[in-house]
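Read through the structure below, which is laid out as structure tokens, and then see the notes.
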Amino acid sequence: RIRKFAAEVRSQFPILNQTLPKGVPVTFLDSAASAQKPQSVIDYEAEVYRRYYANAYRGVYRFGAEVDDQLEAARAAVQRLLNAAHREEIAFTAGTTLSINVVASGWGRRHLQPGDEIVLNVMEHHANFVPWQQVAQATGAQIRFVNLTPDGQIDLNHLDEVLSERTRLVTVTGMSNVLGTQPPIAEIARKAHAVGALIFVDAAQSVPHESIDVQGDEIDFLAFSGHKLYGPSGVGVLYGRRELLEVTDPLLFGGHMIERVSKEGSSWAGLPAKFEAGTLPIAQAIALRPAIEFVESIGLENIRAHEQSLLAYAHKRMNEVPGMRIFGPDVNEKGAIVSFVIEGAHPEDLAQLLDRKGVFVRHGHHCTMPLHEWLGVSATVRASFAVYNTVEDVDRLIDAIDFARQRLRLTKSSV
Ligand code: PMP
């Protein structure tokens, strides 16, 4: 069943169905960095340029009007995906990084003062770490770190100790891009709100793997990127509750985001235009809709079930490899990411040797230096799974690891 599902899904991704030199198949295990695109997304984006491209929210002529309609349809698709109450709570940005910077700067600089506290943890991606450090420095607010449990989950007892009436905001990942940890967002939101603080969710990794309900989970701000959700690069989303976005300042100033400009000063447009200065990534934002529809057509529950069964199989096979050390929570308590080291093998050498077998994984600190410091290693190798991965991909990963271990003379063979 899992084989049939994967074959059907995989056939929609042309990049995965090519053959590398010497007949080597593509084993793409780096979707946590960026996911591949189905044919529907590729076609939809190309169609913008072929049939009706124009700048957005400017022209009354037919092409401009169609672009505006398509952008609003994409915005409505994001609203549906997140279960946001209002369409204007969805702003298009360049990606997660920009969305986080908008809130850290635009909300943080306006509302934080010395004595206020922001709650962070060492598992966060640099994109959800450095902007808060910067705003703390600028405003005199303090950063408090909530501990991780030894297996890399948010220590909820420690969170209770860290939260106080001084806490203004808790920022947390929906899913760690290294450990696969999926913090209990609704519970963390409840705890934050109980002390009068807000919650920001970095959903860059979680959006492709689980359904999100910003109203049900009481999420105040959320960010994600199109490119990890099988959509185009260059476009992302900032979600914020309407009353919060209204008291968040823009980060970028220029065309389209204004209401009125005069020599004396300027005032800002309403939501979401206030956060959409300049020319949008037009075709990319429009093609976010077929990406969302792709995910919806399969169903996030089915995607998750498929990925979790691959993850369990990968863990089982990888744990048989001598010298293997996998980081993070138990396989049943995390998303489909496996970060590991193999004793005696440098992560970069390993990644390079895997590439010889057409197995694409990432190595390094994955933009999480504080996490790697906490783990006590300077780098890891990461294999991450998406809806189009198959049992054969896992088998090829294991074979490639075996090949690498032989090349590195770690042992003759593990299998
Ligand atoms: N947060 C997390 C958890 C991520 O994995 C990433 C991407 N690696 C980002 C933020 C940043 O996303 P982007 O580069 O698309 O802005």
Tell me if the CD atom of E243 is crowded by more than 12 foreign heavy atoms within 6.0 Å.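 Enclosed.
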When you check the gap from the basic side-chain N to the acidic O, do [X] and [Y] get nearer than 4.0 Å?
X    : Y    : result
K191 : D160 : yes
D116 : R168 : yes
E89  : R75  : no
R51  : E66  : yes
E72  : R87  : yes

Return yes if some donor-acceptor pair links the side-chain N/O of S99 with the main-chain N/O of G95 below 3.5 Å, else return no.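 Yes, S99 side chain to G95 backbone: donor-acceptor pair under 3.5 Å.
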Any donor and acceptor pair, going by atom type alone, linking the side chain of D155 with main-chain N or O of N157 inside 3.5 Å?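 Flag set: sc D155 to bb N157 pair under 3.5 Å.
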For [X] and [Y], which I'm curious about, is there any donor-acceptor pair between the side chains at under 3.5 Å?
X    : Y    : result
H372 : T380 : yes
D202 : T173 : no
Y44  : Q70  : yes
S267 : R260 : no

For the ring pair F200 and W132, is the centre-to-centre distance below 6.0 Å?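 Ring centroids of F200 and W132 are less than 6.0 Å from each other.
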Please report the C-alpha distance between S31 and Y388 in whole Å, then the side-chain angles of each, then the deciding distance to 0.1 Å, and finally whether the side chain to side chain donor-acceptor pair (under 3.5 Å) criterion is met. CA-CA 10 Å; S31 301; Y388 40 64; 2.6 Å; yes
Row check, Y230 ring normal vs K37 NZ/CZ: under 6.0 Å, within 45°: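 Judged by the rule (NZ or CZ under 6.0 Å from the ring centre, within 45° of its axis), K37 is not positioned above Y230.
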Write down the atom of Y57, the atom of D68, and the distance for their closest heavy-atom approach.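 So the two residues come closest at N-OD1, 2.7 Å.
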Between H365 and H126, how do the two ring planes meet: parallel, tilted or perpendicular, split at 30° and 60°?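 The rings of H365 and H126 sit tilted, inter-plane angle from 30° to 60°.
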